[in-house]
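In what follows, every heavy atom counts, from backbone to side chain, and hydrogens, waters and symmetry copies are set aside. For ligands, and for the atoms within them, numbers begin at 1 and follow the listed sequence.
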Amino acid sequence: MIKAITGTKDILPLDIPRWKLLESVVQKKMGSYNYKEIRTPVFEETALFARGIGEATDIVSKEMYTFLDKGGTSLTLRPEMTASVVRSFIEHSLSAKQSLNKLFYVAPMFRQERPQAGRFRQFHQFGAEAIGSKAPQLDAEIIIIAYQILNELGLKNLSVKINSLGVPESRENYKLILKEYLSDKITLLSEESKKRYETNILRIFDSKEENDKQVMKNAPLLIDHLDDDSLAHFEEVKKILTIAGIPFEEDAALVRGLDYYTNTTFEIVSGSVGSQSALCGGGRYDLLIEQLGGKPTPGVGFAAGMERILLACENERAFEDPVEKIDLYIARIDENLTDNVYELALYFRQQGLAVEIDYMQRSVKAQMREANKLNSSFVLFGGGDEYKEGKLQLKNMSDGEQQLFGLDEKQSILHKITGK
Ligand code: HAM
């Protein structure tokens with residue numbers, strides 16, 4: 001039997017109401033902050049991600065689904081959206097139409113990571129990117145949007161971690177200081193961190209290895225070596241978060257796994273989902289647009305993992321699963337009324353009601369069981385003594401009330417069901 005690929009997951013009809021609820025909270029929140037939706041292709045030229053995210057990152061060096069198409073072009077299934085959104089922003093000169101572009105997305109991403117709880121190879125993100133302004137209010141806005149969405153879903157066990165990575169000049173200086181600090185401790189580091197010492201030294205802070213953690217405990221911190229402008233920007237972001245009532249903690253070891261960040265970075269972590277605890281992450285990327293060939297333009301954004309969020313919601317019982325309902329079940333009582341029942345269904349479906357009928361030759365009793373299972377608000381009976389007298393009987397399933405209508409009173413039935 002052919003099965004779904006490891007690390008991918010079917011979202012079955014039973015799961016859909018939770019996904020839709022999450023999506024509706026996202027859509028509404030993005031609307032209230034005036035972010036406009038953008039949809040970009042699932043695959044892009046590999047160079048976009050290599051240049052955008054950074055060759056030395058885990059994503060680019062280990063995790064991308066990259067393949068040659070028949071024309072010999074190297075393509076990659078997008079591992080994240082920021083690079084794609086920026087590509088689209090540049091390609092369509094979005095800045096010419098709008099000096100600040102506030103964009104959001106809900107889309108599948110692909111990373112060939114080792115699958116585990118909360119970590120998949122195809123997963124979904126929603127996220128936002130505000131491109132065109134350096135204002136610290138936007139850094140804060142991005143964090144506030146992410147936090148409010150999680151909060152409105154009912155999640156409690158959250159912590160917001162923020163940091164500033166400053167600008168490349170101060171960061172490069174700091175990397176030398178960190179290199180110096182680690183130079184006589186390299187042998188104590190894990191193999192992975194030894195490699196990172198050469199290629200991506202900041203990421204050693206991300207290591208989960210106990211030895212690495214011990215070594216890094218006393219390491220000099222980037223936050224203590226920031227330039228004045230970066231510090232002032234960071235102070236401003238924190239001030240706004242405080243005004244907005246967002247509980248946050250500074251985490252000087254928060255370095256993030258993508259290379260494009262400057263200044264603010266943040267993650268929101270849940271205590272309810274095990275080791276893959278980052279529900280979302282993001283930050284400022286003031287140099288990325290230029291790096292990808294656009295005019296120098298600042299940007300800031302975040303992305304959140306939807307599977308992880310739903311897992312956290314399930315573990316915390318953050319919300320009740322929305323109940324799926326239909327408006328009307330039309331039960332066929334007489335065998336020879338099948339066509340009439342179908343015709344009635346056609347009419348009410350055309351009027352926009354969600355309607356179901358029996359296709360399985362079920363008994364009347366079984367049809368009623370089915371109507372209950374589908375949470376139908378009303379049942380209309382096609383057949384029986386009433387029908388012979390030219391009447392249709394409508395039953396309100398919530399209070400059991402029954403009412404008779406003439407065969408030509410379909411509109412009155414519709415009014416009764418819609419309450420209009
Ligand atoms: P990221 O931290 O790589 O950032 O991913 C954001 C979120 O996506 C993570 O916090 C996590 O919830 C989810 N996620 C990542 N990988 C997986 C996976 N394999 N399985 C399930 N969920 C996963 C970005 O993607 C940046 N583009 C965020 C950003 C936007 N920065 C600025 N703008």
Check whether any side-chain heavy atom of Leu21 lies under 4.5 Å from a side-chain heavy atom of Leu153, and answer yes or no. yes
Residue and atom name of the nearest protein heavy atom (relative to atom 33 (N) of ligand 1), distance in Å to one decimal: Glu129 OE1, 2.8 Å
Please determine whether any non-hydrogen atom of Arg256 lies less than 4.0 Å from an atom of ligand 1. yes
Report the nearest protein non-hydrogen atom to atom 27 (N) of ligand 1: residue, atom name, distance rounded to 0.1 Å. Glu80 OE1, 2.5 Å
Would you check whether Glu307 has a nitrogen or oxygen atom less than 3.5 angstrom from a nitrogen or oxygen atom of ligand 1? no
Nearest to atom 31 (N) of ligand 1, what protein heavy atom do you find, and at what distance? Tyr261 OH, 2.6 Å
Would you say Glu113 contacts ligand 1, with heavy atoms under 4.0 Å as the rule? yes
So, regarding Arg119 and ligand 1 (criterion: nitrogen or oxygen to nitrogen or oxygen, under 3.5 Å), is there a contact or not? no
Give the atoms of ligand 1, by number and element, whose distance to some non-hydrogen atom of Cys280 is under 4.0 Å. 10 (O)
Would you say Gly118 touches ligand 1, if touching means a heavy atom closer than 4.0 Å? yes
Tell me whether Asp206 contacts the main-chain N or O of Arg203 through its side chain, where contact means a donor paired with an acceptor under 3.5 Å. no
Check for a donor-acceptor pair, side chain of Ser277 on one end and backbone N or O of Val273 on the other, with a separation under 3.5 Å. no
Under 4.0 Å from one or more heavy atoms of Ala303, ligand 1 contributes atoms 6 (C), 7 (C), 28 (C), 29 (C), 30 (C)
Any side-chain donor paired with an acceptor under 3.5 Å for Asn34 and Lys36? yes
Starting from atom 13 (C) of ligand 1, find the nearest protein heavy-atom neighbour and note its residue, name and distance. Gly305 CA, 3.5 Å
Close approach, Gly257 and ligand 1, non-hydrogen under 4.0 angstrom: no
When distances are taken from atom 14 (N) of ligand 1, the protein heavy atom at minimum range is Phe123 CE1, 3.5 Å
For the residue pair Ser207 / Glu209, report whether a side-chain donor-acceptor contact shorter than 3.5 Å exists. no
Checking Tyr285 against Gln291: is there a side-chain donor and acceptor pair closer than 3.5 Å? no
Can you find a side-chain donor-acceptor pair between Thr66 and Thr76 that sits under 3.5 Å? yes
To the nearest 0.1 Å, how far is atom 20 (N) of ligand 1 from its closest protein heavy atom, and which atom is that? Phe120 N, 2.9 Å
Do Gln148 and Lys29 meet the criterion of a side-chain donor-acceptor pair at a distance under 3.5 Å? yes
Between Gln367 and Ile330, which heavy-atom pair has the shortest distance, and what is it? OE1-O, 4.2 Å
Proximal ligand 1 atoms for Gly281, defined as those under 4.0 Å from one of its heavy atoms: 10 (O), 28 (C), 29 (C)
Going through the distances and angles, do Tyr35 and Phe104 end up as a ring-ring contact (aromatic ring centres under 6.0 Å, His included)? CA-CA 6 Å; Tyr35 283 67; Phe104 84 95; 7.7 Å; no
N-O pairing of Arg78 and Glu44 below 4.0 Å: no
Nearest non-hydrogen protein atom to atom 26 (C) of ligand 1, with distance, is Tyr260 OH, 3.3 Å
Using a 4.0 Å cut-off to any heavy atom of Leu258, which atoms of ligand 1 qualify? 3 (O), 4 (O)
Atom indices of ligand 1, in the order listed, that fall short of 4.0 Å to a heavy atom of Leu279: 10 (O), 12 (O)
Over 60° means perpendicular and under 30° means parallel, so classify the ring planes of His225 and Tyr174, tilted if in between. tilted
Would you tell me which option among His124, Gln125, Met81 has the nearest heavy-atom contact to atom 25 (O) of ligand 1? Gln125
Would Gly282 count as being in polar contact with ligand 1, using the rule that some N or O on each side must be under 3.5 angstrom apart? no
Among all the protein's non-hydrogen atoms, which is closest to atom 10 (O) of ligand 1, and how far away is it? Ala278 O, 3.2 Å
Please confirm whether the backbone N or O of Ala354 pairs with a side-chain atom of Arg349, one donor and one acceptor, at under 3.5 Å? no
